[in-house]
Asker: 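Below is the structure I would like to discuss, written out as C-alpha cells.
No hydrogens, no waters, no symmetry mates; every other heavy atom, side chains included, goes into these values.
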Amino acid sequence: MRDFSNDHSALALNTATLGHMIDGHGFGWSPEKVIDACAARGFAGIVFWQREVGDRAVAIGERVRAAGMDVVGLCRSPFLVGTGTSNDLNEAKAAVDMAAALEARALTVVSGGTEPGTRGVLESQKRLADRVAMLAAYAQQRGVSLALEPLNPMFGGNRTCLMTVRDALRVCDMVDSPNVGIAVDVYHVWWDTTLAESLMQAGSKRILSYHLCDWLEDTRDMLLDRGMMGDGVADLKSIRRAVEAAGYAGPCEVEIFSAEHWWKREPGDVLDIMVDRFRRDC
Ligand code: ZN
C-alpha cells in the first residue's frame with residue numbers, strides 16, 4: 001500500500017467537492033481558477049462535470065496538462081437504463097466525445113435504475129450490458145474508458161441497478177470490452193464486508209478510478225451530505241489497502257457532495273483541508 005502520510009501527489013479533485021455538479025451551489029470558480037488552485041497545491045489532477053466544461057473541453061484539457069496535471073475523469077454519463085432510454089445513446093455518446101476532447105482517463109457511468117416494466121435488478125443489468133457494449137465500441141474508437149460506478153443500495157430504483165462491486169463486475173463480464181471497468185467510491189462501498197474479495201476479482205485492469213469522501217454517522221441527506229475524509233465512520237485505509245492489493249495504483253479523487261457544509265466553505269480552504277485529511281486519514 002502506498003504511503004501518503006507525507007505525499008499527496010496522487011490526490012485529485014472531483015469538482016463536485018466545490019459544488020460544481022449542481023446549479024446554484026459553491027462559489028462558481030471557473031475551470032481555470034480550479035486548475036490554478038489545484039496545480040498550486042501539487043495535485044495529480046481534476047475530474048470535471050459536463051455542465052462546467054460546456055464546449056471548451058479541448059482548451060480545458062490542454063490547460064490542465066500545461067499545469068502539470070491530468071484530467072482524471074469526466075462526470076458523468078446520462079442514465080442508460082431505467083428511464084425508457086432509447087438505443088441511439090446520443091446523449092451518452094456526447095459525453096464520450098467530451099471525455100475524448102478533454103483526454104480524460106475515464107467517463108464515469110451511473111447506470112440508472114430499474115427498467116420500466118421490469119422488477120428487481122437482474123433484467124436491468126442485462127439491458128444495461130447491451131447499452132454499455134454499444135457505447136464501449138463508440139468510446140474505444142475515441143480512446144475513452146467507461147467506469148461503471150456501483151452506488152449505495154439506497155439509490156436503487158431510480159438511480160442505479162448496480163449496488164455492489166460484484167454487480168458492476170457482472171456487467172463488465174457481460175460486456176467483455178477492454179475499455180470497460182469500474183469506479184470504486186467509498187461512499188457507496190464502505191459497508192460491504194465482501195468488498196476485498198470482489199476487488200481481487202476485478203484486478204488492476206478493471207479498477208479504473210477510486211473516489212474518496214467519508215460516511216457520516218448521522219447522514220442527513222443521502223445525496224448531498226457526504227463527509228470529509230476523517231469525519232465519518234468509513235475505514236478509509238482498509239478500503240484503499242484492498243483497492244491497491246487488487247492492483248490499483250492510480251489517482252485518489254475526492255468527491256464530496258455537501259450542500260450544507262463543504263459547498264459553503266471557501267474553496268481554497270476546502271482544498272487545503274483535503275490535503276491534510278488525505279495525508280492523515282486515507
Ligand atoms: Zn463517485
Side-chain angles (χ1 to χ4, degrees), residues 4-5 8 10-53 72-76 108 110 149-156 158-160 183-192 209-240 243 251-282:
F4 291 146
S5 56
H8 63 276
L11 176 62
L13 171 73
N14 183 311
T15 63
T17 305
L18 305 182
H20 290 193
M21 62 179 282
I22 305 178
D23 284 331
H25 288 284
F27 284 63
W29 278 15
S30 67
E32 286 75 12
K33 195 163 178 182
V34 173
I35 292 165
D36 291 347
C38 290
R41 289 168 175 80
F43 284 16
I46 303 173
V47 178
F48 292 102
W49 284 70
Q50 281 198 70
R51 58 181 291 280
E52 64 193 328
V53 173
V72 171
L74 176 67
C75 289
R76 63 171 172 71
T108 302
V110 175
E149 183 168 18
L151 303 188
N152 191 302
M154 67 189 173
F155 292 122
N158 63 355
R159 296 181 86 86
T160 194
V184 180
D185 185 323
V186 300
Y187 191 73
H188 300 304
V189 303
W190 73 277
W191 55 272
D192 183 356
S209 53
Y210 179 51
H211 305 175
L212 282 169
C213 67
D214 209 337
W215 180 273
L216 297 175
E217 190 178 347
D218 292 311
T219 298
R220 289 180 183 171
D221 181 306
M222 291 303 167
L223 188 62
L224 300 181
D225 189 26
R226 298 186 183 197
M228 178 65 73
M229 300 86 75
D231 287 346
V233 295
D235 189 348
L236 299 176
K237 286 190 177 164
S238 291
I239 296 172
R240 185 163 69 83
V243 169
C252 304
E253 87 183 57
V254 174
E255 184 187 36
I256 301 174
F257 306 170
S258 173
E260 295 304 320
H261 186 183
W262 296 103
W263 292 355
K264 294 184 169 172
R265 299 276 296 261
E266 199 280 317
D269 290 347
V270 175
L271 299 179
D272 290 337
I273 293 166
M274 266 174 53
V275 170
D276 291 344
R277 298 297 185 85
F278 180 70
R279 289 176 168 216
R280 191 188 79 186
D281 296 305
C282 299

Asker: With rounding to the nearest 0.5 Å, note down the distance linking CD in Glu255 to CD in Glu149.
Answerer: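 Here the interatomic distance stands at 5.5 Å.
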Asker: Of all heavy-atom pairs between Val72 and Ala12, which one has the smallest distance, and what is that distance?
Answerer: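 Here Val72 and Ala12 meet closest at CG2-CB, 4.0 Å.
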Asker: Got a sec, which residues hit side chain to side chain contact (heavy atoms under 4.5 Å, CB included) with Pro31, two or more places apart in sequence or on another chain?
Answerer: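 Checked Pro31 against side chain to side chain contact (heavy atoms under 4.5 Å, CB included); matches are Phe48, Arg56, Ile60.
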Asker: Quick check: do Val254 and Arg277 have side-chain heavy atoms less than 4.5 Å from each other?
Answerer: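 When only atoms from C-beta onward are counted, Arg277 and Val254 do not touch, as no gap falls below 4.5 Å.
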Asker: Please tell me if the side chains of Asn152 and Trp191 come closer than 4.5 Å, counting only heavy atoms from C-beta onward.
Answerer: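 When only atoms from C-beta onward are counted, Trp191 and Asn152 do touch, with a gap below 4.5 Å.
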Asker: Residues in side chain to side chain donor-acceptor pair (under 3.5 Å) with Ser30, at least two apart?
Answerer: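 In terms of side chain to side chain donor-acceptor pair (under 3.5 Å), with neighbours along the sequence ignored, Ser30 is linked to no residue.
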Asker: Shortest non-hydrogen contact from Leu236 to Tyr210?
Answerer: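 Smallest interatomic distance, heavy atoms only, reads O-OH, 3.9 Å.
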Asker: Test of understanding: with side chain to side chain donor-acceptor pair (under 3.5 Å), list the residues that count as partners of Ser209, not counting sequence neighbours.
Answerer: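 Scan of Ser209 (side chain to side chain donor-acceptor pair (under 3.5 Å), adjacent residues dropped) gives His211.
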Asker: Can you list the residues that meet the side chain to side chain contact (heavy atoms under 4.5 Å, CB included) rule with Asp221, with sequence neighbours excluded?
Answerer: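 Side chain to side chain contact (heavy atoms under 4.5 Å, CB included) list for Asp221, sorted by chain: Leu223, Leu224, Asp225.
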Asker: Please report the interatomic distance CE(Met274) to CG(Asp276), rounded to the nearest 0.5 Å.
Answerer: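 Those atoms lie 10.5 Å apart.
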Asker: Which label fits His188 and Phe155: parallel for a plane angle under 30°, tilted from 30 to 60°, or perpendicular past 60°?
Answerer: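 Judged by the thresholds at 30° and 60°, the geometry between His188 and Phe155 is perpendicular.
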Asker: Excluding sequence neighbours, so at least two apart, what forms side chain to side chain contact (heavy atoms under 4.5 Å, CB included) with Ser258?
Answerer: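 Per chain and number, Ser258 pairs via side chain to side chain contact (heavy atoms under 4.5 Å, CB included) with Ile256, His261, Trp262.
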Asker: Checking Trp49 now: which residues fulfil side chain to side chain donor-acceptor pair (under 3.5 Å) with it, not counting sequence neighbours?
Answerer: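 Scan of Trp49 (side chain to side chain donor-acceptor pair (under 3.5 Å), adjacent residues dropped) gives Asn14.
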Asker: State which residues pass side chain to side chain contact (heavy atoms under 4.5 Å, CB included) with Val189; sequence neighbours excluded, sorted by chain then number.
Answerer: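 Scan of Val189 (side chain to side chain contact (heavy atoms under 4.5 Å, CB included), adjacent residues dropped) gives Val165, Val184, Leu195.
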Asker: Which residues pass the ring-ring contact (aromatic ring centres under 6.0 Å, His included) test with Trp215, sequence neighbours left out?
Answerer: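 Applying ring-ring contact (aromatic ring centres under 6.0 Å, His included) to Trp215 gives Tyr187, Trp190.
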Asker: With sequence neighbours excluded, give me every salt bridge (charged side-chain N to carboxylate O under 4.0 Å, His left out) pair touching residues 35-44.
Answerer: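 Only Asp36-Arg63, Arg41-Asp272 qualify under salt bridge (charged side-chain N to carboxylate O under 4.0 Å, His left out).
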Asker: Are Met21 and Trp263 packed together at the side-chain level, in the sense that at least one heavy-atom pair is separated by less than 4.5 angstrom?
Answerer: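 Yes, close enough: below the 4.5 Å cut-off.
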Asker: Kindly state each residue pair satisfying salt bridge (charged side-chain N to carboxylate O under 4.0 Å, His left out) with at least one member in residues 14-27, sequence neighbours excluded.
Answerer: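 Found Asp23-Arg51.
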Asker: Between OG1 of Thr17 and CD1 of Ile46, what distance do you get to the nearest 0.5 Å?
Answerer: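 Between atom OG1 of Thr17 and atom CD1 of Ile46 there are 11.5 Å.
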Asker: Could you pull out the closest heavy-atom pair between Met229 and Cys213, with the gap in Å?
Answerer: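 Heavy-atom minimum between the residues: CG-O, 3.6 Å.
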Asker: List in chain and number order the residues that pass side chain to side chain donor-acceptor pair (under 3.5 Å) with Arg279, two or more places apart in sequence or in another chain; answer none if no residue qualifies.
Answerer: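 Once residues adjacent in sequence are excluded, the partners of Arg279 under the side chain to side chain donor-acceptor pair (under 3.5 Å) criterion are His8.
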Asker: Looking at every non-hydrogen atom in both residues, tell me the closest pair between Ala234 and Asp214 and how far apart they are.
Answerer: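 For Ala234 versus Asp214, the nearest heavy atoms are N-OD1, 3.0 Å.
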Asker: Does anything in residues 261-271 form a salt bridge (charged side-chain N to carboxylate O under 4.0 Å, His left out)? List the pairs, not counting sequence neighbours.
Answerer: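 Checked against salt bridge (charged side-chain N to carboxylate O under 4.0 Å, His left out) - neighbours excluded - the pairs reaching residues 261-271 are Glu260-Lys264.
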Asker: So Leu13 and Thr15, do their side chains get closer than 4.5 Å, heavy atoms only?
Answerer: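 Contact flag for Thr15/Leu13 side chains = yes.
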Asker: Grab the two heavy atoms, one from Arg240 and one from Cys282, that are nearest each other, plus how far apart they are.
Answerer: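 Smallest interatomic distance, heavy atoms only, reads NE-O, 2.6 Å.
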